[in-house]
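For reference, the structure is listed below as structure tokens.
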Amino acid sequence: MIAILLTGMLAACGSGKTGGSSKVSVGIVLPTKDEPRWVQDEQRFKAALADSKYTTEILFSQGSSAKEKENVETLLNKGIKVLIIAPHDGAAAGAAVEAAKKEGVTVISYDRLITETDAVDYYVTFDSVAVGAAQGQYLIDNAKGKNVPLYLYAGAASDNNAFLFFEGAWKVLQPKIADGTFVIANSSEANVLKDKQELTRDQLGKILGQVTTNWEASEAINKAQTHLTGAAANLKGDVAILAPNDGTARSISDVFGSDSDISSFVITGQDAEKASIQYIIDGKQSMTVFKDVRTLVSDSMGMAIDILDGKTPATTGTYDNGKIDVKAKQTNVIVVDQENVKKELIDSKYYEASEFKGL
Ligand code: BGC
């Protein structure tokens, strides 16, 4: 499908990599190479573009909004017409995309929404509230008995998705906190709010402020160690852990796994990173939420091509970014655990069986 679109595009714009021009039609900016999640996106973009002469360039911002702005400027100087960008910090990226808009470039926010600006045209995303809800539901489905200690962790507060994930998880977990299935182990702010099913952004922000991992392994490890050191005996034993993504899940799992007072734990994740698939096979991570990056790549490139062709891209809804409602195309997610890992990730040819041990 994408190959056909790309060929059509090439005919339409007539400028290819081999055409001797240094022009780039579509610029792609990703947040960091330090997390396998975003290297996956790069690889999937490259795979989708391999057979075309379509001119794209991918730059990484390495967790810096300044570097991100510089990347956008580099791409503007190469004459891009469409910018596909996953911001490091959703609000700080406003300046970069406003610069792009001034040059008449169409801006597609990729996976993470750019907030507080009207300089975003489209948003291509997974259903992030559903990601959090799937994580919360998994903990509920696997909770045994009453008063199960629940350790909550979240992503970076500079990432709008971190709010959406937590919001989705909280909606399903809250009734189970209220009925005594779970006891919140590590957040006084969450405890204060435990009777409210709907949280405002400010309230979510208060909880995130306490349990953020900042999407960093080191922060996840520090927090998990601190929480376990401070935990009373009734908050140990068999526990449930809401970990926001695979990278932080592996770090938190390592910490909980080495505490002799923790008898067992159920821990969530997302991204289907290879290292976490191995953790799932080995029983060190309970689940991940598989977000098929191939779909996000083909949706965003399909949109870019429509724009370059002068067509209006199809969208499925809108997201409020604090300033405007951004037209969005949303993709569903799949829960993966030991039961279906082979079917969803190997049989679907997302990964190869040879990449894992003990499958
Ligand atoms: C993405 C996740 C990712 C996280 C950390 C989020 O915005 O949606 O897939 O794990 O950022 O990079």
Side-chain angles (χ1 to χ4, degrees), residues 28-45 60-65 67-68 84-93 108-115 120 123-135 153-169 204 208 211-220 223 242-253 267-277 279 285 287-297 299-300 319 321 326 328-336 345 350:
I28 300 164
V29 179
L30 297 173
T32 178
K33 264 196 177 194
D34 295 341
E35 289 175 57
R37 154 71 217 261
W38 303 108
V39 178
Q40 264 191 61
D41 293 70
E42 179 193 32
Q43 285 164 355
R44 303 296 178 183
F45 267 113
F60 281 89
S61 309
Q62 293 313 103
S64 153
S65 297
K67 175 78 183 156
E68 180 176 83
I84 297 174
I85 172 169
H88 162 61
D89 174 315
I108 303 174
S109 211
Y110 179 87
D111 191 279
R112 295 177 175 174
L113 185 58
I114 298 171
T115 54
V120 192
Y123 181 33
V124 177
T125 184
F126 293 102
D127 184 345
S128 295
V129 174
V131 170
Q135 295 172 332
Y153 295 94
S158 59
D159 176 3
N160 189 56
N161 285 348
F163 286 81
L164 302 178
F165 300 145
F166 201 88
E167 177 193 331
L204 286 166
L208 258 66
V211 302
T212 181
T213 58
N214 212 20
W215 294 135
E216 285 165 14
S218 57
E219 185 65 26
K223 286 243 158 84
L242 177 74
N245 76 345
D246 283 353
T248 57
R250 293 194 301 278
S251 300
I252 296 167
S253 166
I267 184 167
T268 60
Q270 72 167 300
D271 293 334
E273 287 184 0
K274 280 184 201 165
S276 278
I277 298 310
Y279 262 50
Q285 185 178 322
M287 62 88 87
T288 187
V289 181
F290 172 37
K291 309 200 297 190
D292 191 334
V293 169
R294 294 171 299 192
T295 311
L296 217 55
V297 164
D299 280 353
S300 56
Y319 270 77
N321 82 340
V326 183
K329 181 140 199 298
Q330 185 168 286
T331 292
N332 292 337
V333 296
I334 299 170
V335 171
V336 169
L345 293 172
Y350 197 73

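Order of listing sets the numbers, starting from 1, for every ligand and every atom in it. Just the heavy atoms: all of them, side chains too, but no hydrogens, waters or symmetry mates, feed the values below.
- Using modelled atom types, one side-chain atom of Asn161 and one backbone atom of Asp111 make a donor-acceptor pair closer than 3.5 Å.
- When only modelled atom types and interatomic distance are considered, Glu273 and Tyr279 share no side-chain donor-acceptor pair under 3.5 Å.
- Scanning all protein heavy atoms for the shortest distance to atom 11 (O) of ligand 1 gives Arg112 NH2, 2.9 Å.
- Shown in contact with Phe165 at under 4.0 Å from a heavy atom are these atoms of ligand 1, numbered in order with element: 8 (O).
- Proximity to Lys291 (heavy-atom distance under 4.0 Å) selects the following atoms of ligand 1: 1 (C), 2 (C), 8 (O), 9 (O).
- Contact of the Arg250 side chain with the Ser276 side chain is registered, since non-hydrogen atoms from C-beta on lie closer than 4.5 Å.
- If you look at Tyr110 next to ligand 1, there are no close heavy atoms at all, none under 4.0 Å.
- Contacts between Trp38 and ligand 1 below 4.0 angstrom, taking non-hydrogen atoms only, involve the side chain exclusively.
- The closest protein non-hydrogen atom to atom 10 (O) of ligand 1 is Asp271 OD2, 2.6 Å.
- Close approach of ligand 1 to Asp111 is summarised as follows: ligand atoms under 4.0 Å from at least one heavy atom of the residue are 1 (C), 7 (O), 8 (O).
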Q: Decide side chain to side chain donor-acceptor pair (under 3.5 Å) for Gln40 and Tyr350; before the verdict, give the C-alpha distance in whole Å, the side-chain angles of both, and the deciding distance to 0.1 Å.
A: CA-CA 11 Å; Gln40 264 191 61; Tyr350 197 73; 2.6 Å; yes

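- Contact annotation: for Asp246 versus ligand 1, there are no heavy atoms closer than 4.0 Å.
- Atom numbering of ligand 1 starts at 1 in the shown order; those under 4.0 Å from a heavy atom of Arg37 are 1 (C), 2 (C), 8 (O), 9 (O).
- Between Asp41 and Arg37 there is a salt bridge, with a side-chain nitrogen of the basic residue lying less than 4.0 Å from a carboxylate oxygen of the acidic one.
- Between the side chain of Ser61 and the backbone N or O of Gly63, no donor-acceptor pair lies under 3.5 Å.
- Among all protein heavy atoms, the one lying closest to atom 12 (O) of ligand 1 is Glu35 OE1, 2.6 Å.
- Looking at Asn214, its side chain never comes within 3.5 Å of a backbone N or O of Glu216 through a donor-acceptor pair.
- Listed by number with element, the atoms of ligand 1 under 4.0 angstrom from any heavy atom of Asp159 are 6 (C), 7 (O), 11 (O).
- Taking the six-membered ring for Trp and thresholds of 30 and 60 degrees, Tyr110 and Phe45 have ring planes inclined between 30 and 60 degrees apart.
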